Amino acid sequence: MQAIEWQGASKRYGERVALEPLALAIPTGTCWGLLGPNGAGKTTALRLALGFARPTSGRVALQGLPPSDARSRVGLGFLPERLALPAHAAVEDWLGLHARLIGLERAEAAGAIRAALERTGVADRAHEPIGGLSKGLRQRVGFAIALLGAPSLLVLDEPTSGLDPLGVRDARGWIEAERARGATIILCSHQLSEVERSCDHAAILDRGRIAAEGPLSTLIGPGESLEDVFVRRVAR
Amino acid sequence: MSVFTALTLETLRDGLRRRGLIAALVASALAAFAVQRCGSCDAAVTLQGRSVTLQGGELGALVAVTGLAWIAAWTYAVSTLLASDGLATALEDGSAASVLARPVARDTFVLTRLAGIWLGSFALGAALAALAVGLAVARQHVPLAPGLGALVALGLGTWSVVAAAMLASLSLPRPATLLLVIVAGAAVSGIEVAALLGARTDGFAGLVAQWGPAWIAAPVDALAPWLASPLPGPPPWPLVRALAWAALVTAALVARFRRLEIPL
């Protein structure tokens, strides 16, 4: 079973090619790093996978279904790079809305919200409006939303953005715990060391096409780091 | 609470946070004061040198109908203001993406935005209209049922205006959306008022008068039983047209939103 499968999916905006036909399958239970320089097509690939854009050619399957089908997003936790949280809402109220959106019953939701807030270290700010939180705390709230209800597929776009070193360490722990639980994880990040620590596979995109993909154990040669591979593959 | 209700209430809360709605609330309160004052007015005119006084009972019903037509226009203006960025802002700030990453269908999302913005703007208009109807019933002793019919017509008109503004906002920047919907709304309303007053309407104006959304015609026609004499130009099937246009614009909005690319 594939969590996400791009089947020759491409995206053009007029004459501009955002993504060349992409053939990539993310099996369930794996952790993939989706890497590439700015403008490489990572966000476009994610938008196609989440049903936010339609491919110009080819197809995408999310958990075996077309992404336009809302059921394909059951069990999906998503942390976007541009995290949008309503400033007016109390932290727990916003998580409450997301709990309803993923179909948790009231009693079940209360427990799940409390667990997510405690895990991400914002339980003591649960009653505060999100607008009053620092960038790092808002990112933690974003994590709490993504982790709510034990997702089976976790898509994290620049997850450590705005986090201090302690927050980065915590985020690594959450990702590792989700991996251990069996969740599929897609990690979109410029922090190559984080990807190297957390993921078992990676795909490097460059100028809309795959420059390299596969298990990190085969991508990274002896004495190399993922950064070395990245630089070698995308060097102009 | 269902997903639909939860998202609709969130949209309503989102609207309540906007300064535009606060301004509309203040302006509506002032309008309510004017309605209260105007509902009790008399008229004194000089006709061929003779002074003629029309008492509230004779004039009040006409004033109430005119007042409700203005309330409808005001409600549509507020609806346009709120709807012009009610969906566009959610797309721009990423909150739409946050919700649509959940198992929420695009149709559900856009309909909850529509319902939430409609609730907010119609609540304002309905409160004003209810005040005007209540005063007319109390002071002019007109029957209540036409007033309720006018409220239904106002609700349908507000729905189609909100949907139209949201639809335009998916393709145009906010100032252009506001300009387009307000100009189009004023043109449609002007044609409808002219037709209600018995003016001959041909060509495009005739089409609007016959087949248009009946934004003003439907509430005014509902209040026709209040008037001593029938409307000079009674509109054809105004409530049916208002309902059909509400459904049509909603279907267009849903179809457009299905194909929309959501920014990340």
Side-chain angles (χ1 to χ4, degrees), chain A residues 11 13 18 42-54 62-63 65 67-89 93-94 96-106 109 129 131 142 145-146 148-149 151 153-155 157-158 188, chain B residues 1-22 82 85-113 115-117 119-120 170-171 254-264:
Chain A
K11 188 67 183 175
Y13 295 99
K42 305 186 297 293
T43 301
T44 302
L46 280 186
R47 289 179 69 213
L48 296 180
L50 298 175
F52 292 168
R54 289 164 187 263
L62 177 61
Q63 304 194 96
L65 293 166
S68 56
D69 187 332
R71 290 172 301 169
S72 69
R73 296 186 293 280
V74 171
L76 170 69
F78 175 49
L79 177 62
E81 181 180 9
R82 195 163 52 103
L83 183 59
L85 297 169
H88 72 287
D93 290 346
W94 193 240
L97 174 68
H98 277 265
R100 277 193 287 273
L101 297 183
I102 60 177
L104 296 181
E105 297 297 332
R106 187 180 289 268
I145 293 168
L148 189 66
L153 171 60
L154 202 50
V155 177
D157 195 358
E158 297 295 345
C188 230
Chain B
M1 189 190 294
S2 71
V3 166
F4 194 94
T5 310
L7 285 174
T8 300
L9 291 178
E10 177 52 34
T11 304
L12 189 58
R13 275 193 289 271
D14 189 39
L16 288 171
R17 290 193 308 273
R18 293 169 197 275
R19 288 181 200 154
L21 187 57
I22 304 299
L82 296 178
D85 70 349
L87 184 55
T89 303
L91 289 164
E92 284 160 17
D93 71 12
S95 52
S98 169
V99 171
L100 289 169
R102 298 299 189 187
V104 174
R106 284 192 182 207
D107 293 5
T108 304
F109 179 78
V110 73
L111 288 174
T112 57
R113 296 302 292 190
I117 293 167
L119 268 177
L170 294 179
S171 305
V254 168
R256 173 77 181 90
F257 193 71
R258 275 184 195 165
R259 301 199 64 79
L260 193 76
E261 305 234 327
I262 310 291
L264 262 185

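Lettering of chains follows the sequences in order, A, B, ..., and the numbering in each one begins at 1. These figures come from a predicted structure and were not determined experimentally.
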Using only heavy-atom distances, determine whether the side chains of A:H98 and B:R102 contain a donor-acceptor pair under 3.5 Å. yes
A:K11 and B:E261: salt bridge (Lys or Arg N to Asp or Glu O under 4.0 Å), yes or no, with the steps? CA-CA 12 Å; A:K11 188 67 183 175; B:E261 305 234 327; 2.5 Å; yes
What's the shortest heavy-atom distance between A:L97 and B:A6, and which atoms? CD1-CB, 3.9 Å
Among A:T43, A:D69, A:I145, the residue with the most heavy-atom pairs under 4.5 Å to chain B is A:I145
Rounded to the nearest 0.5 Å, how far does CG of B:D93 lie from CZ of A:R82? 7.5 Å
Option that, when pairs with chain A are counted at under 4.5 Å, heavy atom only, ranks first among B:A97, B:G94, B:P103: B:P103
Measure distances from B:L260 to the heavy atoms of chain A and classify the residue's part below 4.5 Å as side chain, backbone, both or neither. backbone
Indicate yes or no: at least one non-hydrogen side-chain atom of A:L50 is less than 4.5 angstrom from one of B:L100. no
Relative to chain B, which segment of A:L83 carries a heavy atom at a distance below 4.5 Å: side chain, backbone, both, or neither? neither
Can you tell me how far CD of B:E10 sits from CG of A:D93, rounded to the nearest 0.5 angstrom? 9.0 Å
Do you know the tightest heavy-atom contact between B:S95 and A:A84? N-CB, 3.5 Å
Could you tell me which portion of A:L101 (side chain, backbone, both or neither) has an atom closer than 4.5 angstrom to a non-hydrogen atom of chain B? both
For chain B, find which of A:R47, A:R54, A:R71 contributes the most heavy-atom pairs closer than 4.5 angstrom. A:R47
Nearest heavy atoms of A:G51 and B:R106, plus distance in Å: O-NH2, 2.8 Å
Correct closest heavy-atom pair for A:F78 and B:A101 would be CD2-CB, 3.6 Å
